[in-house]
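Accompanying notes for the structure given below.
Computation of the quantities below employed the complete heavy-atom set of this structure, encompassing side-chain atoms and omitting hydrogens, waters and symmetry-equivalent molecules.
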Amino acid sequence: MAHGRRVSALGLAASSVLLATSRLHVQARTIWSAGEAYDALLADRARVIDIRSREDWLETGVGARIWPISMHEDRFLDRVFATKTLTRDRTVGLICATGGRSGSVMPALQRAGCDGYADISEGMLGSRRRTGWLAAGMPVVSLGAAITSLPEELS
């Protein structure tokens, strides 16, 4: 129950900050599979951020080429916006464990008029309809390697 309140509070906080700082246009919700996200990463059409907690990252690793930016840590929204600035016209995918956290952040981005984001709704562990990054056999790196890959602006 505490987790649900924390996510709801984040959604409200994210909405107000996003409304105050966004200058992008609204788009329809974009949902990608783990495979689509990985293909976009390999083709340099996207960047992906893993918004799970450090504990999650330590347990499963972080998807290869994915930047770990936890929604549970300070400066989350600043780092999300910095990611979009760094990626220019590339889509920024959001991934979590099963799609719950990424699914809660996406509507806040949309209400704020932000575009250029995609929800990798099956997550790392899979959802009811999809297998997820790990079960699909997508590559994973250690948390240390993922943090090392972060651009300085996102550290």
Side-chain angles (χ1 to χ4, degrees), residues 3 7 10-11 14-15 18 21-73 75-151 153-155:
H3 184 288
V7 169
L10 173 70
S15 293
L18 291 169
T21 59
S22 174
R23 36 183 217 287
L24 304 172
H25 300 292
V26 176
Q27 73 169 11
R29 181 174 174 160
T30 302
I31 299 176
W32 286 354
S33 69
E36 290 168 328
Y38 189 60
D39 289 345
L41 282 169
L42 290 176
D44 199 28
R45 292 188 321 266
R47 296 292 181 259
V48 176
I49 57 176
D50 186 333
I51 64 173
R52 298 177 301 150
S53 70
R54 286 184 182 267
E55 292 79 19
D56 292 330
W57 299 330
L58 288 169
E59 184 177 322
T60 65
V62 177
R65 299 180 181 227
I66 293 179
W67 294 334
I69 300 175
S70 177
M71 68 184 284
H72 306 288
E73 295 180 1
R75 301 184 326 104
F76 172 67
L77 292 175
D78 293 337
R79 295 169 80 198
V80 168
F81 289 130
T83 299
K84 189 61 188 153
T85 301
L86 286 170
T87 64
R88 297 188 187 112
D89 60 345
R90 293 177 193 94
T91 299
V92 174
L94 305 176
I95 193 167
C96 62
T98 61
R101 288 172 272 197
S102 61
S104 70
V105 172
M106 287 295 293
L109 291 168
Q110 291 172 327
R111 283 190 303 273
C114 297
D115 67 0
Y117 294 89
D119 179 7
I120 305 161
S121 63
E122 67 190 270
M124 292 294 289
L125 304 178
S127 65
R128 288 180 299 185
R129 295 186 306 244
R130 298 278 188 131
T131 59
W133 187 279
L134 296 173
M138 302 297 164
V140 177
V141 299
S142 70
L143 175 56
I147 288 174
T148 300
S149 77
L150 278 172
E153 299 89 340
L154 301 179
S155 297

So Ser70 and Phe76, do their side chains get closer than 4.5 Å, heavy atoms only? no

Interatomic distance, Gln110 atom CD to Asp119 atom CG [nearest 0.5 angstrom]: 9.0 Å

Within the distance-only criterion (no hydrogens, no angle test), does the side chain of Trp57 pair as donor or acceptor with the backbone N or O of Ile51 below 3.5 angstrom? no

Do Ile147 and Arg54 make a side-chain contact, defined as non-hydrogen atoms from C-beta onward lying under 4.5 Å apart? yes

How long is the gap from CD1 on Ile120 to CE on Met106, to the nearest 0.5 Å? 9.5 Å

Backbone N or O of Arg90 within a donor-acceptor pair of the Lys84 side chain at under 3.5 Å? yes

Do you know the tightest heavy-atom contact between Cys114 and Phe81? SG-CE2, 3.9 Å

If you round to the nearest 0.5 Å, how far is CZ of Arg47 from CG of Asp44? 4.5 Å

Residue from Val140, Leu125, Asp50 passing side-chain contact (heavy atoms from CB on, under 4.5 Å) with Thr60: Leu125

Ignoring hydrogens, what is the shortest heavy-atom contact between Gly63 and Trp133? Give both atom names and the distance. CA-NE1, 3.5 Å

Considering all heavy atoms of both residues, which atom of Ser127 and which atom of Ser121 are nearest to each other, and what is their separation? CB-O, 4.1 Å

Is there side-chain contact between Glu122 and Thr131, with heavy atoms separated by less than 4.5 Å? yes

When you compare the side chain of Met138 with that of Arg65, does any pair of heavy atoms fall below 4.5 Å? no

Are any non-hydrogen side-chain atoms of Ile49 and Arg52 less than 4.5 angstrom apart? no

To the nearest 0.5 angstrom, please state how far the CG atom of Asp39 sits from the OG atom of Ser33. 7.5 Å

Testing Val48, Leu154, Val92, Val62 for side-chain contact (heavy atoms from CB on, under 4.5 Å) with Trp67, which one passes? Leu154

Would you say that Val105 contacts Met71 through its side chain, given a criterion of any heavy-atom pair below 4.5 Å between the two side chains? yes

Shortest non-hydrogen separation from Ser102 to Cys96 and the atoms involved: N-SG, 3.4 Å

Below 4.5 Å, heavy atoms only, C-beta onward: do Met124 and Asp56 meet side chain to side chain? no

Distance in Å, Thr91 OG1 paired with Leu94 CG, rounded so as to fall on 0.5 Å steps: 10.5 Å

For the OH atom of Tyr38 and the CD1 atom of Ile66, what is their distance to the nearest 0.5 Å? 9.5 Å

Do you know which two heavy atoms are closest between Ala97 and Arg101, and how far apart they sit? CB-NH2, 3.4 Å

What are the two closest non-hydrogen atoms of Ala34 and Gly132, and how far apart are they? CB-C, 4.2 Å

Tell me whether Thr98 contacts the main-chain N or O of Gly126 through its side chain, where contact means a donor paired with an acceptor under 3.5 Å. no

